[in-house]
2 protein chains.
Amino acid sequence: MPRKTTTTDRRIQKSKMALQESLLSLMQTNDFKEITITDIVLRANLNRGTFYKHYQYKEELLDEIVDDVITDLIASYREPYQHTDTFALKDLTSSAIKIFDHVEKNATFYTLVMKSRALSGFQIRIGNELKQLALQDLDNWQSNPDINYELYASYQAYAILGMIMEWIQDDYKYTAKYMAKQLLAFLQDRRMNTVYRTKRQMPHPTGLHQEGDRPDDIHAK
Amino acid sequence: MPRKTTTTDRRIQKSKMALQESLLSLMQTNDFKEITITDIVLRANLNRGTFYKHYQYKEELLDEIVDDVITDLIASYREPYQHTDTFALKDLTSSAIKIFDHVEKNATFYTLVMKSRALSGFQIRIGNELKQLALQDLDNWQSNPDINYELYASYQAYAILGMIMEWIQDDYKYTAKYMAKQLLAFLQDRRMNTVYRTKRQMPHPTGLHQEGDRPDDIHAK
DNA sequence: TTAAATAATGAACATTTGTTCAATAAAATT
DNA sequence: AATTTTATTGAACAAATGTTCATTATTTAA
């Protein structure tokens, strides 16, 4: 009969910790692609079988590390909401703004993951191309000296990439024409800067941190 | 003395073609991660050494396939500019809009690359998390029934991711505070919808298609 | 504190990878 | 058409991967 699994075995925790730290430290000096499982377990001082007991491949190990960063990202984003009872533009923007603090705090990690080719370059390449295209356009439009047009180009480029990602994940359930109209609507709609609403409970839909989450009242209306 | 390399050897072209087609067809049924070099060359009917003569790993082969898609992306984006001499909002938006046609045209490929875990999930995960966060906010603001807030959330989420990517690639040369201010400025600045400018020459800064590119007059002022 | 449960180990194994090299085939140049 | 250049082949190789299994060590639950 299997035991009722209340907490994870400390041996597992230790092993996973050692593996995570080993990978992170190897990534400081080596390209992710070049790091072997053997490298990781050697530095972690563990048997190779132990790695394979917990993960299929190193990407899975990296994913677990990413979990922690994302948890922190969410916490950062939520933080401004803690101190107020109503939504205001101030809250909305300041929570978005907290994300930059979070990235800065985890700068080492972000650089590591983004630059170390841990992710295949496809999205980055698409992003960069779109940015170049946007930049050429903006060249002809830019007039406001307070705006950093390199940043703005990247902002616009990834915004469109975001629409595309959503579109793909929904199996192209919209037409290209509909997508285009939505984009125009996004660029034109300014209303949200003026409306005020009352704050609601905020469930956490991602299921990332199952552990500490109380069920709360999801259906608050 | 080395020969003057004017065109690529037909044998190379054939081999590369066979490898590309092989990989694409394998990706229809198999997870990218699971496809081995041996699988690829078997289906391509080539020696394994031939693969390694041209590529280091399968990601590099995929990159070359991506090149073609990106070339088409750029062409699609540029297309609206071909028929006009001045920039207007109409051009700007219609060129952005052509991107959706391009994606729809290459839907099979996009789905393949985005869903087949060809890219490690990091960017997708960050994107999705940011989207969820944006969505919760928008829940409290949405008022315009013409706007698809799922799409809009993804749009906003990736827009911020775009700023972050730019920030990282520039080695955090701005402060978090500066990033935040820029974001606010982007959300508020509406000017570009009203300004008109004259059209300029458009160089192609990516170096993607070295082959067919005539040098032209890049420095046209 | 003891017994049961289970994680980690080390060794062995077939497979796959990445690399080399001389022989052969195909293409480009003259 | 003949010759030079170069890509592909096939075979062989060490190294790394992924998997297994009985043994040992550690942790948990009673």
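- Under the side-chain contact (heavy atoms from CB on, under 4.5 Å) test applied with B/S22, the options B/L19, B/L26, B/L24 reduce to a single match, B/L26.
- Within residues 36-49 of chain A, the residues having any heavy atom under 4.0 Å from DNA chain C are, by residue number, A/N45, A/L46, A/N47.
- Straight-line distance from the OH atom of B/Y52 to the P atom of D/dA15: 16 Å, rounded to whole Å.
- With 3.5 Å as the limit, one finds no donor-acceptor pair spanning the side chains of A/D68 and A/T71.
- For the pair B/E21 and B/R43, the salt-bridge criterion is not met [side-chain N within less than 4.0 Å of a carboxylate O].
- Between B/T50 and D/dA7, a side-chain N or O to OP1/OP2 separation shorter than 4.0 Å is absent.
- As rounded to whole Å, 14 Å separates atom P of D/dA7 from atom OH of B/Y55.
- Rounded to an integer number of Å, the gap from B/I35 CD1 to C/dT16 P is 15 Å.
- For the residue pair B/Y77 and A/E129, no side-chain donor N or O sits within less than 3.5 Å of a side-chain acceptor on the partner.
- For A/R10 and D/dT26, a side-chain-to-base donor-acceptor distance below 3.5 Å is absent, hydrogens and geometry of angles not being considered.
- In this structure, B/K53 atom NZ and C/dG18 atom P are separated by 17 Å, rounded to whole Å.
- A distance-only check finds no donor-acceptor pair linking the side chain of A/D171 to the backbone of A/K173 [under 3.5 Å].
- Put simply, CD on B/Q13 is 13 Å from C1' on C/dA28, counting in whole angstrom units.
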Would you check, one step at a time, whether the test side chain to side chain contact (heavy atoms under 4.5 Å, CB included) holds for B/Q182 with B/Y174? CA-CA 10 Å; B/Q182 284 295 310; B/Y174 313 114; over 6 Å; no
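- One can place CD1 of B/I12 at 5 Å from P of D/dA7, the figure rounded to the nearest angstrom.
- Neither OP1 nor OP2 of D/dT8 sits under 4.0 Å from any side-chain N or O of B/K14.
- Heavy atoms of A/K58 sit nowhere under 4.0 angstrom from any nucleic acid atom.
- Rounded to an integer number of Å, the gap from CD of B/E34 to P of D/dG18 is 9 Å.
- B/K16 comes within 4.0 angstrom of nothing in the nucleic acid, heavy atoms only.
- A close approach under 4.0 Å does not occur between any side-chain nitrogen or oxygen of A/H54 and OP1 or OP2 of C/dA7.
- When each of A/N106, A/T108, A/V113 is tested with A/Y110 by the rule side-chain contact (heavy atoms from CB on, under 4.5 Å), just one qualifies, namely A/N106.
- Counting atom types as modelled, A/R11 pairs no side-chain N or O with a base atom of C/dA8 as donor and acceptor under 3.5 Å.
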Which protein N or O atoms sit under 3.5 Å from an N or O of nucleotides 1-3 of chain D?
none

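- Remark: P of D/dT20 and CZ of A/F51 are 16 Å apart, rounded to the nearest angstrom.
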